[in-house]
Every structure is written in structure tokens, then in C-alpha cells.
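Throughout, a chain's letter reflects where its sequence line sits, starting with A, and its residues are numbered from 1.
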2 protein chains.
Amino acid sequence: MPKVVDREEMQHGILDAAMQVYVKKGYHAATIADVAEAAGLGKGTLYLYFKNKEAIAISMVERHFKALEERFFGQEMPETLEDFVDGLSQTMNIPDDHAKFVRVFFEVFGPSFASDAFSAKVASFFDRLGDHYTGQIKHLQEVEQIRGDADAKQLGRAIAALTDGMILHKGLFSIPAKRHNGMRNEAIDMLVRGLVSSPK
Amino acid sequence: MPKVVDREEMQHGILDAAMQVYVKKGYHAATIADVAEAAGLGKGTLYLYFKNKEAIAISMVERHFKALEERFFGQEMPETLEDFVDGLSQTMNIPDDHAKFVRVFFEVFGPSFASDAFSAKVASFFDRLGDHYTGQIKHLQEVEQIRGDADAKQLGRAIAALTDGMILHKGLFSIPAKRHNGMRNEAIDMLVRGLVSSPK
DNA sequence: ATCGATTATGACTGGATGGTCAGTCATGTA
DNA sequence: TACATGACTGACCATCCAGTCATAATCGAT
């Protein structure tokens, strides 16, 4: 019987290579030849594993969001405010390779590329992120760790936006770790006070 | 003497047309011919007003950031917490055309396009936004409108990130106005509580 | 060894597009 | 009316690149 390869592994390897190339040159500027070279493969070979250039980008984003999914939603329900804060802090503190990807992601998410379906998928991710925080907040309200008069739904979304803003700033402007930590601590401190303080 | 035109006005018109085209098709996908058609000009004419395709995008972003500059930094120093909140609220509530531009901007800000100089310029804008809030916070601390133990520098940056997150979510996911208002109010309410509450 | 199915390859092609430029047009002056 | 000058144009060109395909290498079963 013939030669046999692990398709999935091959695809992973290609995505890894593509990632490197895209971070450096950008998705639109990078050519298939660039990616093939980085992957140590012939140009034609890529087409055995991906239908076309677009499919590479889509798979890449999907893989990335799967990782984010685990990072963001994998956490268990916080029982205390402190747990909640830890989770937030961890979420905001994205690893460098994720940070590097931010710019590439946005390039791909631009109107030149993103189909409606793709956009909807991404939007839904952030919706779910909001829901995630909403769930946590509701729970914390139930166990009386935070004030009960907050609109959990909206607050969850606002926290998602805050988290996002922090992550994006880090990714887009390669803010030094030290400064980013400072921002993060101050943001979280402010948030915590906002969550516990009694009504005005 | 020959026909005479107002170069600046012409450039503005071209940028307006380009904006429309880019919002719809994206910068990378749009062709010079598209922009020329939208501007009601011949392809060659564009090159009388802009050196090349890149120059159009750069001018466009510069014009946009000039407008942002006024929107963001034009506000006067808040004397009360309420003034501060009003300013913030106004800043977060970007007009629709600015929101539409967000995606285009990010496409252009991707590694395919953005030179180091361009990136630095954008990064500096957001630095200044942080400084802007820092200045306001320091002032509010002086007039004892908010608690004095916050690290104004980091808090300013955090608020810039929060503001950004809210704006980006609105721009990227075309969040309905109603929901966005809800998020905004809740975010600001949380922020205010965080700014006044006594230390833990 | 041999063979055949699968996997790998890179020269090639068709299409697209940024940019040019030789020629035309429009305007105001003499 | 003739002329001078800048504004405008779009056919054309050179380049680039995604995707194809004829050919070759590779492996495993016999």
C-alpha cells in the first residue's frame, strides 16, 4: 500500500508556518509561496491540504478561537470575588503569541475578506463572552459577593468590552509587560470597587 | 489662463469616495478603478492628487484621526465627576460613520500595510488618549471629586482601554444602539463607583 | 525487487491590477 | 479667435500571484 501521512498533523504544521508568515508580513501581503517555503513544502503541496488561500486563513482563525474558547470559557464558576478577579486577570493577560495574532486577525476580519457568515461567527464569540461574564456575575450576586442591583446582562457585556480593550491594546501596540500589568491591576481594582460599592 | 482646481477640495472628495468604497469592499479588495469610479474621475486623475494607492489610505487614516483628536481631546477639563462621565459617555458613543470605519482602519493597520512609522503614530495616539484621561483624573483628585489613592497614570490607561473596547465592539459588531447604550451606562456606572469608593 | 497508490513538486498560466503617459479637453487670457 | 497651460483620461504595460497539472518521489504490501 501507498505512502501514508497524518493529514491533521500536516495541516497543523502548515497553519503554524502560515501563522509565522502572517504575523510578519500580514495575510494579504504574504503569498502562498511564502507559506509553503516556511512550511518546508512545495507550493502545490499546500493545495493537497487546503482548498485555497482563504481556507488557510479560516482554519487558522478557527483554531485560534478554539484556543481562546478554552482560555476564556474553560474557567469554572467563581465562588468568590477573588476567584472572579483571578479569572479576569488571567484572561486579560494573554500570552505573547496570541497578542501577536491580534493584528493578523483584524486584517482578516476586515471587509476585504470576511464573509457575513465569518463575521457572524466572530460576533457570536464575543456575545458568548458577554454571556459568560453575565453568568458569573449573576452567580456572584446570588452568593452575595457583589452588589445585587447591577444589571448583570449589561454589566457582563461591559466587562467583555473592557477585557477586550485591554487585550487589544496589548496586542496592537505591543505594550511592555510591566506597563500592561499596571494597567490591568488598576483596571481590575477599579472594577472590583465598582462591583461591591453600595448604590450612589 | 487654464482651468484651475482646488487641490485640497479634490483630495477631500477622493477620500470621501475612497471611504465609501473601502467600507463596502475593504481596502485590499478595492481597486483604484473602484475608487476612481466612485469619485466620478478617471483612473489617471487620482494619480494627480495622490502618489499611489497607499497614500490614499494614509491620508484617509490621518484625516480620520484628526477628527478623533478633536472629538477626544477637544473636551475641556472636567470640574466634577459628572462632567467627566458626560465626556466619557460622549466619547464612547461614536457616530455611525466612525463606527463603520473601524474595520477598514484595522485592515489598514494590519502587518500587510502598516509601516513602523505608521504604527508608531497610531500607538502614540492611544498613548495620548491615556494621558488625556490621566490628566483628567489627576485634576478630579485635586478637586476631590474622586478618591485620591488611585494610580492616575495606570487608571488613565485602563480607562482608555475600556473606552476603546466599547468603541471597537460597537464598530466591529454593529451592536444595536439600544444595547450599546445599556452597556455604556452600566460600564460608566461601574467606573464611577470604582472611582469614588473608599479603599477596600 | 517490483509495483501501484498516494503524496510531493514547481514550472506554468490566466487573470487581475497598480501605475504610466501620450493624447485630449477645458478654461481664461491676449 | 487663437493660444497657452493645467486638468483629465483610459488604453496599455509590466508585474505579480493563486491555483493547476504533468511528472517525480516515496512508501508499503506482496
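Within the nucleic acid shown, B/L48 comes within 4.0 Å of at least one base atom, counting heavy atoms only. Nucleic acid contact class of B/F50 (heavy atoms, under 4.0 Å, all strands): none. Within the nucleic acid shown, A/A30 comes within 4.0 Å of sugar-phosphate atoms alone, with no base atom in reach, counting heavy atoms only.
Between the CD1 atom of A/I32 and the C1' atom of D/dC21 there is a distance of 17 Å, given to the nearest Å. Distance CG (B/D34) to P (C/dG19): 14 Å, rounded to an integer number of Å. Summarising the geometry, the separation between CD1 on A/I56 and C1' on D/dC17 is reported as 14 Å, rounded to the nearest angstrom. Residue B/K53 contributes atom NZ, which lies 9 Å from atom C1' of C/dT17 at whole-angstrom precision. Atoms CD (A/E37) and P (C/dT9) sit 13 Å apart, rounded to a whole Å. In this structure, A/D6 atom CG and C/dT6 atom P are separated by 17 Å, rounded to whole Å. Protein atom OH of A/Y49 is 13 Å distant from nucleotide atom P of C/dT6, rounded to whole Å. The NE2-C1' distance, from A/H28 to D/dC17, rounds to 15 Å in whole Å.
Which of C/dA8, D/dC17, D/dT9 sits closest to the side chain of A/T31 comes down to D/dC17. When each of D/dA18, D/dG19, D/dC8 is scored by its nearest atom to the side-chain atoms of A/N52, the top-ranked nucleotide is D/dG19.
Ring-plane geometry between B/H64 and B/H98 is classed as tilted, the angle between the planes lying from 30 to 60 degrees on a 0 to 90 degree scale.
Taking 3.5 Å as the limit, the base of C/dG19 and the side chain of B/K43 contain a donor-acceptor pair of atoms between them.
Distances shorter than 4.0 Å separate some side-chain N or O of A/T45 from OP1 or OP2 on C/dT9. Contact annotation: A/Y47 side-chain N/O to C/dA8 OP1/OP2 distance is not under 4.0 Å.
Two rings, from B/F73 and B/F125, have their centers less than 6.0 Å apart.
The nearest pair of heavy atoms linking A/A161 to B/M166 is CB-SD, 3.7 Å. Among all heavy-atom pairs drawn from B/K121 and B/E62, the shortest one is NZ-OE2, 2.7 Å.
Remark: B/E186 CD to A/I159 CD1 distance equals 9.0 Å, nearest 0.5 Å.
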